[in-house]
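Notes follow once the structure below has been shown.
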Amino acid sequence: MSTYLLVHGAWHSGQCWERVVPLLESAGHRVVTPSLAGYGDQAHRLGPEVGLDTHVDDIVGLITEEDLSEVVLVGHSYAGLVISSAANRVPDRIAQLVYLDAMVPEDGESAADVMPITQPLIDLALRSDSGWRVPPLPEMPPPMGLFGVTDPADVAWLRSMLSDQPVRCLQQPVRLDNPDARPIPRTHIHCEVGKPEGFTRRPVPAVQPNGTPAQVWKLATGHDCMITTPAELAGLLLKLG
């Protein structure tokens, strides 16, 4: 049995994994889907002081308090930053890192460094009345939809769980200075449909930090694949457990 720790991206909550969880659990695995500070059952913690470091603390705290080990740590989108820094702090607890259509940072980089398309969102938030709230991206015509979700019922369900992202989450840099994290195997899953104009994905290096060839899988769906293609996503994740 493996422990899958699934970390949602910006604006979402742990609820977004609802369709994937039973598919992993039915294969005998433990699945943990926390909401980060400011989202879902942690919405009361939303505030301008919340940043990337807060979310890393959330995940590291969960791993240590629950005494989780041999964790398959999955980060969606923005959470690529979260899982990278979390693994840097507790590498002995992590069996696999999975970057699910995610930002893949180098040491000292922020979200804006990894994906410059986020800088205008930061600028708008800083100029807004709040000075820190980054609202969810708007729904676009298909195939982009709302984070790649186009079915009306699914869009309504997704919209119900979205909330603002604190700007510090996109500004704070990751810390990747622990050599003990380098041996952790990494897998990249790319969603291929409905990317917004101006989006560019940083190429995955041919060799992982542990010296093995890069492992990159693709899904023919939009960004929120846990909603649009949960069975296909679970099938890929089960290859790692």
Side-chain angles (χ1 to χ4, degrees), residues 4-21 23-24 31 33 36 39 52 55 59 72-87 96-106 109-118 121 134 136-140 142-151 154-155 157-158 161-162 165 169-170 174 185-205 208 214-240:
Y4 287 86
L5 177 47
L6 311 180
V7 186
H8 66 81
W11 302 295
H12 292 55
S13 76
Q15 186 183 3
C16 70
W17 304 103
E18 191 173 283
R19 297 174 180 175
V20 176
V21 171
L23 302 175
L24 299 177
V31 187
T33 59
L36 300 172
Y39 308 102
L52 172 62
H55 292 160
I59 297 305
V72 180
L73 184 56
V74 182
H76 179 240
S77 196
Y78 152 79
L81 306 178
V82 179
I83 67 169
S84 296
S85 278
Q96 294 266 353
L97 285 172
V98 182
Y99 292 90
L100 178 57
D101 218 34
M103 298 182 183
V104 185
E106 300 290 341
E109 289 188 324
S110 68
D113 295 318
V114 179
M115 196 168 289
I117 196 174
T118 61
L121 303 178
V134 182
L137 299 177
E139 183 178 0
M140 304 293 288
M144 285 186 287
L146 184 63
F147 296 102
V149 178
T150 56
D151 177 82
D154 287 347
V155 168
W157 179 58
L158 171 58
M161 71 181 79
L162 298 179
Q165 174 93 338
C169 298
L170 305 179
V174 298
R186 298 149 198 254
T187 296
H188 303 261
I189 301 176
H190 294 167
C191 300
E192 298 288 285
V193 176
K195 296 304 179 189
E197 184 178 351
F199 172 85
T200 55
R201 191 192 305 278
R202 178 178 289 180
V204 176
Q208 299 188 65
Q215 182 160 263
V216 181
W217 297 334
K218 296 180 180 181
L219 286 171
T221 191
H223 185 56
D224 278 6
C225 57
M226 72 290 290
I227 294 174
T228 57
T229 56
E232 290 83 351
L233 173 59
L236 293 180
L237 295 178
L238 287 170
K239 293 181 180 182
L240 303 172

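Keep in mind that the numbers below use all heavy atoms, side chains included, and drop hydrogens, waters and symmetry copies.
Between Ala214 and Val204, the shortest heavy-atom distance links the atoms CB-CG1, 3.9 Å. In terms of heavy atoms, Cys16 sits closest to His12 at CB-CD2, 4.3 Å. Heavy-atom minimum distance, Trp217 versus Leu240: CH2-CD2, 3.7 Å. The shortest heavy-atom contact between Leu23 and Pro230 is CD1-O, 3.6 Å. When all heavy atoms of Ser110 and Asp113 are compared, the pair lying nearest together is N-OD2, 2.8 Å.
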Counting only pairs under 3.5 Å, give me each side-chain donor-acceptor contact of residues 189-196, with atom names and distances, residues two or more places apart or in other chains.
from	atom 1	to	atom 2	distance (Å)
Lys195	NZ	Asp101	OD1	3.3
Lys195	NZ	Asp101	OD2	2.4
Lys195	NZ	Cys191	O	3.3

Do any side-chain atoms of residues 80-87 form donor-acceptor pairs under 3.5 angstrom with protein atoms, and if so which ones, sequence neighbours left out?
from	atom 1	to	atom 2	distance (Å)
Ser84	OG	Gly80	O	2.7
Ser84	OG	Tyr99	OH	2.7
Ser85	OG	Arg175	N	3.2

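Within the 4.5 Å cutoff, no side-chain heavy atoms of Tyr4 are placed close to those of Leu73. Counting only heavy atoms from C-beta outward, the side chains of Ile59 and Val7 approach each other to under 4.5 Å. The shortest side-chain heavy-atom distance between Leu233 and Leu100 falls under the 4.5 Å cut-off. Ile227 places a side-chain heavy atom less than 4.5 Å from the side chain of Leu158. Using a 4.5 Å heavy-atom cutoff, the side chains of Leu5 and Val72 are not in contact. Counting only heavy atoms from C-beta outward, the side chains of Thr118 and Met103 approach each other to under 4.5 Å.
By the 4.0 Å N-to-carboxylate-O rule, Glu109 lies close enough to Arg202 to be salt-bridged with it.
Side-chain atoms of Asp151 come within 3.5 Å of backbone atoms of Asp154 as a donor-acceptor pair (strictly under, hydrogens ignored). A donor-acceptor pair under 3.5 Å is absent between the side-chain atoms of Trp17 and the main chain of Val31, judged by distance alone. When atom types are taken as modelled, the side chain of His76 and the backbone of His223 share a donor-acceptor pair closer than 3.5 angstrom.
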- Message: Could you go through Tyr78 and Met115, starting from their C-alpha distance and side-chain angles, then the distance that decides it, and tell me whether this counts as side-chain contact (heavy atoms from CB on, under 4.5 Å)?
- Response: CA-CA 10 Å; Tyr78 152 79; Met115 196 168 289; over 6 Å; no
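Note that CG of Leu236 and NZ of Lys218 are 13.0 Å apart. Values are rounded to the nearest 0.5 Å. The structure places CD of Gln96 at 13.0 Å from NZ of Lys239, a figure rounded to the nearest 0.5 Å. With values rounded to the nearest 0.5 angstrom, Ile117 atom CD1 is found 8.0 Å from Phe199 atom CZ. To the nearest 0.5 Å, atoms CG (Leu219) and OG1 (Thr228) are separated by 8.0 Å. We find the OG1-CD distance between Thr150 and Glu139 to be 9.0 Å, quoted to the nearest 0.5 Å. Taking OG of Ser77 as the reference point, atom CH2 of Trp11 lies at 7.0 Å (rounded to 0.5 Å).
Side chain to side chain, His8 and Ser13 fail the donor-acceptor criterion of an N or O pair below 3.5 Å.
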